[in-house]
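Numbers restart at 1 for each chain; the letters A, B, ... are given by sequence-line order, proteins then strands.
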There are 2 protein chains.
Amino acid sequence: MEPSSREKILEVAEARFAQRGFAGVGMREVALAAGLGKSSLFHHFETKADLYVAVIERVIARIEAHVLPALARPGVALALIERAVDALIDALTEHPTTARLLLRSLVEDDAFAAAEPPGLAETEARIHALVGRITTLIAGGVAAGELREIHAPDAVQTLIGATVYHFASGEFGEAVLGGAVFSAEAVARRKREVKELLLHGLASPHAPKERSPS
Amino acid sequence: MEPSSREKILEVAEARFAQRGFAGVGMREVALAAGLGKSSLFHHFETKADLYVAVIERVIARIEAHVLPALARPGVALALIERAVDALIDALTEHPTTARLLLRSLVEDDAFAAAEPPGLAETEARIHALVGRITTLIAGGVAAGELREIHAPDAVQTLIGATVYHFASGEFGEAVLGGAVFSAEAVARRKREVKELLLHGLASPHAPKERSPS
DNA sequence: GTCTATAAGGGGATAGAC
DNA sequence: GTCTATCCCCTTATAGAC
């Protein structure tokens with residue numbers, strides 16, 4: 001069961017876009033790496049922007065597939081946050097290019113300046129919806145007295161930074177860690193460290209602990 | 001006292017590189033925006049990579065100018081971390097393009113693939129030195145029992161994510177916050193939220209509090 | 001669905017006049 | 001130190017044969 005041309009194209013395009021960004025990748029390069037001629041690639045994707053949107057769409061879908069189920073199950077805010085962190089990190093580490101593409105899409109959306117490609121707005125809306133749910137979750141935890149009096153949107157930004165940035169940091173991150181970022185040990189440790197930081201950093205010191213006091 | 005050509009070039013190049021990345025900016029565009037012909041720009045910077053390195057060098061110097069003095073004064077780990085956060089956020093908000101360029105330089109260093117331009121390695125070494133000092137600082141706080149048993153490099157990554165990512169997040173960050181990122185209020189709130197999160201999230205619950213217990 | 005060929009333009013970079 | 005002119009390569013994208 002060999003992959004279709006379209007899948008192969010999306011694979012190599014994702015790797016290239018993650019590495020060098022939208023402007024840094026040529027359609028010729030993508031086509032040849034996918035085993036096609038340049039014009040054949042334009043048969044599958046009418047423009048370069050269309051290809052980029054298709055790549056981003058896959059990334060968003062990957063995030064949603066992990067995080068939405070984690071948020072769907074009931075629980076108090078802190079428990080939901082912990083599950084969301086686990087799910088998000090699972091999504092970001094399943095394909096090592098996910099975080100970089102996501103970070104780039106956040107920071108690089110003005111690459112299209114004038115003519116924003118159709119479909120990009122829709123994928124952005126899906127991220128915003130996901131972010132909105134987590135913001136509401138945190139704000140609810142504050143209102144319930146479970147979390148400190150924090151500013152929920154700022155906490156969300158920190159959460160994104162602690163996960164998406166971390167797994168997008170590449171060689172720099174490896175230099176900081178002094179070792180691999182995506183190894184099983186490093187991923188497990190990252191999950192633990194982020195959850196512990198949020199647990200101690202967000203929880204209200206006055207609220208009853210959910211966890212067994214040991 | 002009008003700015004020299006070189007300064008003007010660096011200004012417009014920084015803005016362009018921050019917005020669209022290394023590959024997304026043309027030398028012609030930079031030259032015209034600086035009021036020069038393209039070839040005149042090549043007189044000031046022999047290659048595009050040289051221009052990019054000069055821009056990054058300025059950014060690093062800006063960070064160092066704020067953070068190094070904050071780390072130089074004595075204090076316990078938590079106090080030094082708080083001062084470093086303040087100083088770093090001051091540096092990142094002094095020029096709104098700083099965080100984006102810094103984040104891009106971390107994630108985009110393979111844009112040069114084969115031939116890494118001379119001077120880039122040196123600027124990277126300066127960031128690594130700064131990061132190393134903060135890592136050592138945190139590890140020392142752990143060893144002294146002042147901080148929880150955290151993994152210092154992971155904490156540094158979180159710190160970078162909470163600051164550099166946040167102020168690089170642009171339109172997306174504004175959508176998350178529901179307002180400006182660089183307004184005086186938003187910056188002050190960010191400082192407070194990050195410091196409070198780290199204070200509660202990193203401190204050992206068993207250690208005597210430095211702060212007055214009110 | 002893939003190919004060759006071509007269009008039309010921009011990329012970085014150089015040479016040499018002024 | 002800035003200019004015009006030029007070089008060569010790569011870019012996105014299209015047309016049409018197979």
Legend entry - Residue-level proximity of residues 34-48 of chain A to DNA chain C when a heavy atom falls under 4.0 Å: Leu36(A), Gly37(A), Ser39(A), Ser40(A), His43(A), His44(A)
Legend entry - NE2 on His128(B) to OG1 on Thr123(B), rounded to 0.5 Å: 9.0 Å
Legend entry - Qualifying side-chain hydrogen bond (donor to acceptor under 3.5 Å, both in side chains) pairs with a residue from residues 174-189 of chain A, counting only residues at least two apart or across chains: Ser183(A)-Glu185(A), Arg189(A)-His151(B), Arg189(A)-Asp154(B)
Inset, instruction - Select base, sugar-phosphate, or nothing to describe what Val30(B) touches, counting heavy atoms under 4.0 Å on all strands. - result: nothing
Legend entry - Neighbour count >12 (heavy atoms, 6.0 Å) for atom CZ, Arg126(B): yes
Inset, instruction - Using modelled atom types only, decide if a donor and an acceptor are shared between the side chain of Arg100(B) and the backbone of Val107(A) within a distance under 3.5 Å. - result: yes
Inset, instruction - To the nearest 0.5 angstrom, please state how far the CZ atom of Phe172(B) sits from the CD1 atom of Ile127(A). - result: 5.5 Å
Inset, instruction - Mind checking the CD1-CD1 spacing from Ile60(B) to Ile63(B)? Nearest 0.5 Å is all I need. - result: 6.5 Å
Legend entry - CZ (Arg28(A)) with more than 12 external heavy atoms under 6.0 Å: no
Inset, instruction - Walk along DNA chain D from 5' to 3' and tell me the first and last nucleotide with an atom closer than 4.0 Å to a non-hydrogen atom of chain B. - result: dG1(D) to dA5(D)
Legend entry - Pair Arg190(B), Thr158(A): side-chain N/O donor-acceptor within cut-off below 3.5 Å: yes
